[in-house]
*Asks:* 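Please read through the structure below; I'll follow up with questions.
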There are 2 protein chains.
Amino acid sequence: MKQSEIDFKKVVGKQVKKLRLKAGMTQDVLSERCGIYRTYLSRVEAGSANPTLLVMIALATSLGVHVCELFHDFDDTANDLIATLTDRQRTQ
Amino acid sequence: MKQSEIDFKKVVGKQVKKLRLKAGMTQDVLSERCGIYRTYLSRVEAGSANPTLLVMIALATSLGVHVCELFHDFDDTANDLIATLTDRQRTQ
DNA sequence: TTGTGACTTCCAGTCCGTC
DNA sequence: CGACGGACTGGAAGTCACA
């Protein structure tokens, strides 16, 4: 697996954790609220899991935020990637 | 499966398709560029697939947009959901 | 060019534990 | 309360034929 992929999962995980703590919830409460398993939520927060679209939507709505919020922090990483790809497009 | 879940996948799929056409790519080109199979991309666009975080990031970067763009259109649906959940929090 | 059915493979997600 | 490990099952993801 590429390094960037690990980063993406880690960034999303950290964001989930941050928002969860901000909302004053335990993993137990949040996991129950959005219908996923607590141990799996733990993996998501740790950045070792690769959650699906529906899981992320469930997390976002249970946290009371828009899905975009989960991706908020890797703007820089993402923009770098986009720049690289745009570059590649231009030069080929 | 709940109706709302189908909607979410459909909305994301439509957004991918819209952005792909806007970039003037065929499914074949986009799928190759982000390393997923064309027929699977077709299912994602149709809203029948439930893509993972890494797939969506690959799609977004290959399309040259931020991941948030993929969720752009279901602001209303999402906000309704959040409102419902916030309500539930308040009343329990 | 794209959509879909059918099939396989492997990981997302569940459930049990321990520390 | 949360991290982590392992074993298991269903579904994400990969592949091809065909319309």
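As the structure is a computational prediction, the values presented were derived from the model and not from experiment. Lettering follows sequence order; numbering is per chain, from 1.
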*Asks:* First contact, last contact: which nucleotides of DNA chain D are these for chain B, 5' to 3', heavy-atom distance under 4.0 Å?
*Replies:*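 Using the under 4.0 Å cut-off, the span is D:dA12 to D:dA17.
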*Asks:* Name the atoms and distances for all side-chain donor-acceptor pairs under 3.5 Å in residues 51-58 of chain B, with sequence neighbours left out.
*Replies:*
unit_1, atom_1, unit_2, atom_2, d
B:Thr52, OG1, A:Asn50, ND2, 3.3

*Asks:* Verify, without hydrogens or angle tests, whether A:Glu45 (side chain) and A:Lys14 (backbone) share a donor-acceptor contact under 3.5 angstrom.
*Replies:*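 It does not hold such a pair.
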*Asks:* In whole Å, what is the span from the CE atom of B:Met25 to the C1' atom of C:dT2?
*Replies:*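 Distance check: B:Met25 CE to C:dT2 C1' gives 16 Å.
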*Asks:* Is there side-chain contact between A:Leu63 and A:Met25, with at least one heavy-atom pair below 4.5 Å?
*Replies:* yes
*Asks:* With a 4.5 Å cut-off on side-chain heavy atoms, are B:Arg33 and B:Val29 touching?
*Replies:* yes
*Asks:* Using the side chain to side chain contact (heavy atoms under 4.5 Å, CB included) criterion, which residues pair with B:Arg43? Sequence neighbours excluded.
*Replies:*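 Expected list: B:Thr39, B:Ser48, B:Ala49.
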*Asks:* May I ask you to test the A:Leu59-A:Leu30 pair for a side-chain heavy-atom distance under 4.5 Å?
*Replies:* yes
*Asks:* Using five pairs at either end of the helix from C:dT2-D:dA19 to C:dC19-D:dG2, determine the angle between the two local helix axes and round it to 10 degrees.
*Replies:* 40°
*Asks:* Restricting to side chain to side chain contact (heavy atoms under 4.5 Å, CB included), what partner residues turn up for B:Ser42, sequence neighbours left out?
*Replies:* B:Gln27
*Asks:* Please tabulate, one pair per line, each protein N/O and nucleotide N/O from nucleotides 10-14 of chain C that are separated by under 3.5 Å, including the distance.
*Replies:*
unit_1, atom_1, unit_2, atom_2, d
C:dA12, OP1, A:Asn50, ND2, 3.1
C:dG13, OP1, A:Thr52, OG1, 2.4
C:dG13, OP2, A:Tyr40, OH, 2.2
C:dG13, OP2, A:Thr52, N, 3.2
C:dT14, OP2, A:Tyr37, N, 3.0

*Asks:* Between B:Phe8 and B:Phe71, is the ring centre distance below 6.0 Å?
*Replies:* no
*Asks:* Is there a donor-acceptor contact under 3.5 Å from the side chain of A:Ser31 to the main chain of A:Asp28?
*Replies:*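 Checking the backbone N and O of A:Asp28 against the side chain of A:Ser31, a donor-acceptor pair under 3.5 Å is found.
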*Asks:* Any side-chain heavy atom of A:Leu70 within less than 4.5 Å of one from A:Leu19?
*Replies:* yes
